[in-house]
Amino acid sequence: QVQLGESGGGLVQAGGSLRLSCAASESIFSFNAMGWYRQAPGKQRELVARFTSGGTTNYADSVKGRFTISRDNAKNTLYLQMNSLKPEDTAVYYCRAARAFKEYWGQGTQVTVSS
């Protein structure tokens with residue numbers, strides 16, 4: 001069973017930075033796609049950033065230029081560097097991995113941005 005564990009969330013003031021990590025229980029080479037999603041209270045879960053099966057990256061318009069997705073294959077870890085955080089970035093952030101028509105989710109990490 002694939003396990004994904006997020007960490008790095010917390011409380012930060014507007015304009016601050018956080019780096020989220022997602023540690024996978026097996027090689028991330030085995031996944032077709034990996035990415036970060038978020039869900040704010042009362043809203044649907046939405047894409048934040050992801051690596052596609054072709055190795056390219058996609059970002060939500062709301063985070064372009066502020067967030068950067070990266071990965072360390074040797075550590076089986078996915079990262080999300082978040083800069084210039086805004087109160088509207090407040091949400092639970094989830095890591096997602098997909099392969100062979102299956103998807104896996106982490107338990108999420110809370111990010112709260114105060115104004």
Side-chain angles (χ1 to χ4, degrees):
Q1 179 70 16
V2 174
Q3 294 184 338
L4 302 173
E6 301 98 333
S7 61
L11 173 64
V12 64
Q13 288 188 333
S17 298
L18 285 173
R19 189 176 79 155
L20 305 184
S21 300
C22 171
S25 59
E26 55 186 85
S27 173
I28 61 177
F29 277 120
S30 69
F31 301 117
N32 295 329
M34 290 193 77
W36 291 96
Y37 292 71
R38 68 186 180 187
Q39 188 166 18
K43 295 187 177 181
Q44 290 188 330
R45 193 171 296 188
E46 62 177 2
L47 171 69
V48 177
R50 66 182 176 186
F51 283 104
T52 68
S53 58
T56 60
T57 55
N58 295 143
Y59 291 91
D61 288 343
S62 59
V63 307
K64 284 180 180 177
R66 300 188 298 121
F67 291 11
T68 303
I69 189 172
S70 63
R71 58 192 173 191
D72 186 328
N73 296 328
K75 295 182 179 180
N76 296 328
T77 301
L78 185 73
Y79 300 100
L80 184 68
Q81 178 66 44
M82 305 187 295
N83 299 327
S84 302
L85 282 161
K86 304 175 181 180
E88 51 264 44
D89 294 318
T90 295
V92 178
Y93 284 70
Y94 297 91
C95 176
R96 175 185 179 272
R99 71 178 179 208
F101 306 106
K102 291 184 179 180
E103 61 178 11
Y104 307 93
W105 293 88
Q107 81 287 352
T109 185
Q110 176 70 47
V111 172
T112 302
V113 184
S114 63
S115 56

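Remember, it's a predicted structure, so these values are computed and weren't measured experimentally.
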*Considering non-hydrogen atoms only, spot the tightest contact between Ser21 and Thr77 and give its length.*
CB-CG2, 4.2 Å
*At what distance, to the nearest 0.5 angstrom, does CE of Met34 lie from CZ of Arg96?*
10.0 Å
Name every donor-acceptor pair, under 3.5 Å, that has one atom in a side chain of residues 108-115 and the other anywhere in the protein, sequence neighbours excluded.
{"residue": "Thr109", "atom": "OG1", "partner": "Gly9", "partner atom": "N", "Å": "3.2"}
{"residue": "Gln110", "atom": "NE2", "partner": "Ala91", "partner atom": "O", "Å": "3.4"}
{"residue": "Gln110", "atom": "NE2", "partner": "Thr112", "partner atom": "OG1", "Å": "3.3"}

*Evaluate the side-chain proximity of Leu20 to Glu6: yes if any heavy-atom separation is below 4.5 Å, no if none is.*
no
*Linking I/L/V/M/F/W/Y whenever their side-chain heavy atoms sit closer than 4.5 Å, directly or via other members, would Ile69 and Phe31 fall into one cluster?*
yes
*Is the shortest heavy-atom distance from the side chain of Thr68 to the side chain of Tyr59 under 4.5 Å?*
yes
_Value rounded to 0.5 Å, distance of OG in Ser7 from OH in Tyr93_ = 15.0 Å
*Show your reasoning for whether side chain to side chain contact (heavy atoms under 4.5 Å, CB included) applies to Val2 and Arg99.*
CA-CA 11 Å; Val2 174; Arg99 71 178 179 208; 3.5 Å; yes
*Quick one: do the Ser84 and Arg66 side chains pair a donor with an acceptor below 3.5 Å?*
no
*Do the non-hydrogen side-chain atoms of Arg38 and Asp89 ever get within less than 4.5 Å of each other?*
yes
*Qualifying residues under salt bridge (charged side-chain N to carboxylate O under 4.0 Å, His left out), relative to Arg19, sequence neighbours excluded*: none
*Minimum side-chain heavy-atom gap Cys95-Trp36 below 4.5 Å*: yes
_Cluster overlap Leu47 with Val92, hydrophobic side-chain contacts below 4.5 Å_ = yes
*Output the distance between atom CG (Leu80) and atom CZ (Arg71), rounded to the nearest 0.5 Å.*
14.0 Å
